[in-house]
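Below is one structure, written out as structure tokens; the observations come after it.
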There are 2 protein chains.
Amino acid sequence: MAKIQSKKNSSKKEIIIEKAARLFREKGFGAASMRDLAEVVGVEAASLYNHIQSKAEILQAICFKAANEFISHLESVEASSESTLKKMETIIRFHIHMMLDHYEYVYISDHEWRHLPEPYLSNFLNQRRSYRKRLGDIISEGIHKNEMKQIDPYVAVLTILSAVSGIESWQRSRKSTSADVLESSMVKYLIEGLKK
Amino acid sequence: MAKIQSKKNSSKKEIIIEKAARLFREKGFGAASMRDLAEVVGVEAASLYNHIQSKAEILQAICFKAANEFISHLESVEASSESTLKKMETIIRFHIHMMLDHYEYVYISDHEWRHLPEPYLSNFLNQRRSYRKRLGDIISEGIHKNEMKQIDPYVAVLTILSAVSGIESWQRSRKSTSADVLESSMVKYLIEGLKK
DNA sequence: TACTGTTAATGACATATGTTTGTTTTTTTA
DNA sequence: TAAAAAAACAAACATATGTCATTAACAGTA
């Protein structure tokens, strides 16, 4: 059996993917070259291929890692017995935290998925559709239980997810607004608009 | 003097930019090649350069056209004497209509601006910052006049603009929700969250 | 018909791209 | 310390890129 890692607990592959996440976010997947990536990793471009199979594989890893985190969190929320309003708040906060703490991954998953090769692309879009559908179901339930005001669930989900993903522009800004204010204000805005 | 146009009232340059808008939206600026563009225009790649100066110039034209429309609309709203809440509703509706009617342009302006060459890039970002600042000012005024609930204006603007730009994903979808429902639901959601 | 200005096509340029091959160096294992 | 495995390298590949120079087609006017 192989002694897995040397430094820290991240394999070289993980390092490559981490660096790639930042690079892809900064320049976009298409505009970021393998030679760019090699440079930030501190290696020649050809050497990358000892650890990964293709540029696209890196994108897959990033996109699906982010997607899986959202899905598994949703599952735990669905299994809980909180009110629908509280469920939505929990989910919104989770999305915000992901935007704050795993910005690169979430950003790429949000914006660069179109460069995924098939069949990963279809797979990704299916997961996404299903995720949104399940959020919509929570809102539908909230309306039926009279916890939420009458609103189109599809549009509500769209609005919430888009709003949160706009935190991207806060990340790029000089951040004169603190992360705390950002979170509480956005949650307040999105929940008030939902609450009956 | 030259007889300007043959067909319709759009110059070849305008046709190129129109086709490019669609192409850039579908494939992304970086992944869309001049040869791709030439094909949809129905001409050889090199011939495009009789009408435009560079690929980047096309992007500039698209981004600034969209930006200018938003700015000049904002100016007319600022000059009006409606309530702050009504002003914001007007602006939100305008953004939604832009997403519905000029989807390609707005989308590119939203997502591909980072490929603008300097000094256009700085210019664009300045305009954007200023635009958002002015929206924030309307909200601040609304709070002072007790027309809106206490909320961080920066975050409110961020939330609103991001939410609207999420209509992109509706555009790409099978549109089982009508444009009318989309507009009224989103306006309701965003205004309710603002109203005192 | 000949002239003129505009646009298109051809073919090429220099460079950049993702990736492979073959080889050497470094690290791990025995 | 020697053998084996893993990782890095240099060089090259085939192709794609934005763009330019030159030349040919073609319209409208005289």
Side-chain angles (χ1 to χ4, degrees), chain A residues 1-21 23-24 26-63 108 112 114-118 120-121, chain B residues 1-21 23-24 26-63 108 112 114-118 120-121:
Chain A
M1 92 180 53
K3 189 183 216 175
I4 305 276
Q5 269 5 102
S6 35
K7 44 176 69 176
K8 288 214 295 187
N9 50 0
S10 37
S11 71
K12 193 97 191 195
K13 180 166 183 174
E14 280 163 340
I15 292 174
I16 290 173
I17 292 176
E18 235 173 78
K19 300 282 190 186
L23 193 69
F24 291 175
E26 282 170 358
K27 316 186 61 166
F29 178 75
S33 77
M34 293 302 276
R35 287 167 178 84
D36 291 337
L37 177 55
E39 189 176 343
V40 305
V41 172
V43 92
E44 287 302 310
S47 305
L48 296 171
Y49 288 84
N50 284 318
H51 306 276
I52 54 127
Q53 261 176 329
S54 69
K55 192 186 180 189
E57 190 210 7
I58 302 177
L59 185 61
Q60 290 161 36
I62 295 171
C63 288
I108 293 168
E112 307 286 343
R114 72 173 80 216
H115 296 106
L116 285 170
E118 291 289 4
Y120 301 96
L121 178 59
Chain B
M1 93 178 57
K3 190 183 217 175
I4 306 276
Q5 271 0 104
S6 33
K7 45 178 64 177
K8 287 212 298 188
N9 50 358
S10 37
S11 71
K12 193 96 192 196
K13 180 167 184 173
E14 281 164 340
I15 292 175
I16 289 173
I17 292 176
E18 234 174 80
K19 299 282 192 186
L23 194 68
F24 291 175
E26 283 171 356
K27 314 187 62 167
F29 178 75
S33 78
M34 293 303 276
R35 286 168 178 85
D36 291 338
L37 177 55
E39 190 177 341
V40 305
V41 173
V43 95
E44 287 302 310
S47 306
L48 296 171
Y49 287 84
N50 286 316
H51 307 276
I52 55 127
Q53 261 175 331
S54 68
K55 191 187 180 189
E57 190 207 9
I58 302 177
L59 185 60
Q60 289 162 36
I62 294 172
C63 287
I108 292 168
E112 306 286 343
R114 71 173 83 215
H115 297 106
L116 285 170
E118 290 289 4
Y120 302 96
L121 178 59

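So you know, we letter chains A, B, ... as the sequences are listed, proteins then strands, and number each from 1.
- For the pair B:Glu26 (side chain) and B:Leu23 (backbone), a donor-acceptor distance under 3.5 Å is absent.
- Annotation: the terminal axes of the helix from C:dT1-D:dA30 to C:dA30-D:dT1 meet at 10°, where each axis is the rotation carrying the C1' atoms of four end pairs onto the next four (5 pairs per end, rounded to 10°).
- With rounding to the nearest 0.5 Å, the separation of CD in A:Glu57 from OH in A:Tyr120 is 8.0 Å.
- Checking B:Lys13, B:Gln53, B:Lys12, B:Met34 one by one against B:Leu48, the side chain to side chain contact (heavy atoms under 4.5 Å, CB included) holds for a single residue, B:Met34.
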Letter per nucleotide, 5' to 3', of nucleotides 16-21 of chain C [B base touched, S only sugar-phosphate touched, - untouched; heavy atoms, 4.0 Å]: -BBBB-
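- With a 6.0 Å radius and a threshold of 12 heavy atoms from other residues, nucleotides or ligands, B:Lys55 has its NZ atom above the threshold.
- Taking atom NZ of A:Lys13 as the reference point, atom C1' of D:dA8 lies 18 Å away to the nearest angstrom.
- For A:Glu44 and D:dA12, the CD to P distance is 15 Å, given to the nearest whole Å.
- Contact record, B:Ile62 with B:Phe24: CD1-CD1, 4.2 Å, taken as the closest heavy-atom pair.
- With hydrogens and angles ignored, no donor-acceptor pair under 3.5 angstrom links the side chain of A:Asn50 to the base of D:dA6.
- Side-chain atoms of B:Ser47 come within donor-acceptor range of the base of C:dA9, with a qualifying N/O pair under 3.5 Å.
- Around atom CD of B:Glu39, no more than 12 heavy atoms belonging to other residues, nucleotides or ligands sit under 6.0 Å away.
- Heavy atoms only, all atoms of each residue included: A:Ile58 and A:Ile16 are closest at CD1-CG2, 4.1 Å.
- Neither OP1 nor OP2 of C:dT6 sits under 4.0 Å from any side-chain N or O of B:His51.
- Atom NE2 of A:His115 sits about 14.0 Å away from atom CD of A:Gln60, to the nearest 0.5 Å.
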